Amino acid sequence: MKTQFDVAIVGGGLVGLATACALSQSNLTVAIVDVNVNDNQNFAFDEIGIRASAINGASQQYFSQIGIWNDLCASERVHAFSEIGVWEKNGLAHLTARAKDYGYPNLGYIIENNLISYYLYQHAQANSNITIFNLSAIDNNYNEDYAFLTLSDNTRLQAKLIIGADGAHSWLRRQEKISVFERDYLHHAVITTVETQYPHQACARQIFYPNGIVAFLPLWQPNYSCLVWSTKPEQAAILTSLTESEFCQELFKLSGDKVGQCQLVNPRMVFPLKARFAKQFIKHRLVLIGDAAHTIHPLAGQGVNLGFEDSALLVATINKLIDEHKDIGLVENLKSFQFTRRKDALVMLTAMRTIQDMFNGDNAFKKMVRTVGMNAIDNFSPIKKRLIKYAMKIVN
């Protein structure tokens, strides 16, 4: 099997697969290394995925560039949402945004994560420039001209650049002793799929209350939504220990008549939430992208979009370097990528922290500030349009 490549990617999740597919279009040879990568080859079309993402305009364009957007749409499981509704439980703060008010066709797309993975994997597997290693990496080292990866079967890969897309607990990041700023959000996310009494009508809903945030992401079926309920760890433990009926009653107390009574479609999954920010995104012949470089609170659904934006800019940077006959693995040649992506990730990290802190608890002063602030934005269309356009990366 081939062992010499232009680029080796550690991590065969959404961001790693997307990066491999995009790089292969420039006739670069790419290795994907992930012991679980073949899990993406199966998709149960008769089931609803537990996890879904709000895909923004930039990510949609990237999917088109890669060549999977038409496949995703043909599955009839891509759901465009046209409205956002945000409000505070037992408060007066609220915000509504409708695509039609600004002349947009939609505000983004809700797509099951495993559906995206499935089509990316199919695309990668069919590409002769991509070699998939269903193995783990156990060692890495570098010389002046190349990077080397040793795999669990002792295969040794050689590449001009290694890309770390191996998640929040990145093995590559730890191998390179890259330090990480971490802030515990003191929240766990309870994720599942629910069938709601009332159709979602293509509206993504978010409810803030003193102990957390509840989000309904509208799926391709009119009464199905991906539920992301972030709350304090002790409450998350209680929520997952409740019977399905008890859980749905607790959910109804918060969502009220907006969605009606709910029924669980999938089991409940729990994830601890932490903000992470790597002190370096680049080293000699190494780049970190996606969750390996940064993680944020899921309250705005922007985490995976940040990862795809990392991927798209890195691919564009590599292509530009090749056109200029420059080495794609040198730190000096990757500094512009690092500067741009660190800045964007910091902006999003700061925004998520500010929003979570402002809605945390029931302090009377904070309640007044968020009511005045959100309602002012809601009533001032130009600011609201700019915020929506920036967050959803709408091209118009």
Side-chain angles (χ1 to χ4, degrees), residues 42-54 76-77 79 81 83-96 110-115 184-274 297-301 303 355-356 359-362:
N42 299 313
F43 182 80
F45 281 90
D46 58 340
E47 298 176 6
I48 303 289
I50 295 181
R51 303 187 70 178
S53 295
E76 299 184 346
R77 297 172 79 109
H79 189 69
F81 64 98
E83 184 177 349
I84 296 172
V86 181
W87 70 95
E88 181 179 14
K89 181 68 175 176
N90 299 324
L92 299 175
H94 68 276
L95 187 149
T96 301
I110 307 298
I111 312 177
E112 295 148 284
N113 286 11
N114 55 356
L115 183 71
D184 197 326
Y185 283 118
L186 303 177
H187 270 196
H188 285 185
V190 180
I191 299 176
T192 186
T193 313
V194 293
E195 182 178 6
T196 57
Q197 181 182 356
Y198 308 134
H200 52 61
Q201 296 181 316
C203 179
R205 295 179 168 89
Q206 202 159 60
I207 310 157
F208 290 88
Y209 72 108
N211 291 329
I213 308 156
V214 176
F216 291 88
L217 304 180
L219 292 169
W220 51 283
Q221 292 192 355
N223 290 74
Y224 282 57
S225 292
C226 175
L227 177 75
V228 182
W229 187 341
S230 64
T231 186
K232 295 178 180 178
E234 56 271 21
Q235 188 183 13
I238 292 171
L239 289 173
T240 52
S241 69
L242 297 176
T243 65
E244 291 189 10
S245 176
E246 290 169 337
F247 177 86
C248 290
Q249 281 304 113
E250 291 300 310
L251 183 58
F252 181 72
K253 289 177 186 177
L254 289 174
S255 58
D257 61 358
K258 298 289 186 180
V259 299
Q261 295 285 354
C262 296
Q263 292 183 350
L264 291 185
V265 177
N266 278 320
R268 286 156 282 181
M269 300 172 64
V270 182
F271 300 92
L273 301 177
K274 281 189 178 182
H297 198 288
L299 69 88
I355 293 170
Q356 194 208 10
F359 280 91
N360 186 37
D362 213 17

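The structure presented is a predicted model; accordingly, all values stated were derived computationally and were not measured.
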From CG (Leu186) to CG (Asn211), nearest 0.5 Å: 12.0 Å
Side chain to side chain contact (heavy atoms under 4.5 Å, CB included) involving Leu217 - partner list, sequence neighbours excluded: Ile110, Cys226
Whether Tyr209 side chain and Leu254 backbone form a donor-acceptor pair below 3.5 Å: no
Any donor-acceptor pair under 3.5 Å from Thr192 side chain to Asn266 backbone: yes
Trp220 and Ile111: CA distance, side-chain angles, deciding distance, side-chain contact (heavy atoms from CB on, under 4.5 Å) verdict: CA-CA 8 Å; Trp220 51 283; Ile111 312 177; over 6 Å; no
Distance in Å, Ser245 OG paired with Gln261 CD, rounded so as to fall on 0.5 Å steps: 8.5 Å
Non-hydrogen atoms of Ala54 and Phe81 that approach each other most closely: CB-CE2, 4.4 Å
Expected output: side-chain His200 to main-chain Leu219 donor-acceptor under 3.5 Å: yes
Shortest non-hydrogen separation from Cys248 to Cys262 and the atoms involved: SG-O, 3.1 Å
Glu246 side chain vs Thr243 backbone, donor-acceptor pair below 3.5 Å: yes
Over all atoms of both residues, closest heavy-atom pair of Ile207 and Lys89: CG2-CB, 4.1 Å
Which residues share a side chain to side chain contact (heavy atoms under 4.5 Å, CB included) with Arg51, sequence neighbours left out: Asn113, Ile191, Phe271
For Ala202 against Pro218, the heavy-atom pair lying closest together: C-CG, 4.2 Å
Over all atoms of both residues, closest heavy-atom pair of Val259 and Ser255: CG2-OG, 3.6 Å
Sequence-distant partners of Glu250, side chain to side chain contact (heavy atoms under 4.5 Å, CB included), two or more places apart: Trp229, Leu239, Leu242, Lys253
Distance, nearest 0.5 Å, that separates CZ of Phe247 from CD of Gln249: 12.0 Å
Partner residues of His188 under the ring-ring contact (aromatic ring centres under 6.0 Å, His included) criterion, sequence neighbours left out: none
Side chain to side chain contact (heavy atoms under 4.5 Å, CB included) against Glu195, all qualifying residues, sequence neighbours excluded: Asn223, Tyr224, Gln263, Val265
Ser225 side chain to Leu227 backbone, donor-acceptor under 3.5 Å: no
Closest heavy-atom pair and its distance - Thr231, Ala236: CG2-N, 3.6 Å
Side-chain heavy atoms of Lys258 within contact of Phe216, under 4.5 Å: no
Validation row: Ile84, Thr96 side chains within 4.5 angstrom (heavy atoms): no
Distance, nearest 0.5 Å, that separates CZ of Phe252 from CG of Asp257: 7.5 Å
Rounded distance [0.5 Å steps], OG in Ser230 versus CZ in Phe208: 8.5 Å
Gap separating the CD atom of Glu76 from the CD atom of Gln221, nearest 0.5 angstrom: 11.0 Å
By side chain to side chain donor-acceptor pair (under 3.5 Å) - contacts of Arg77 (at least two apart): Glu112
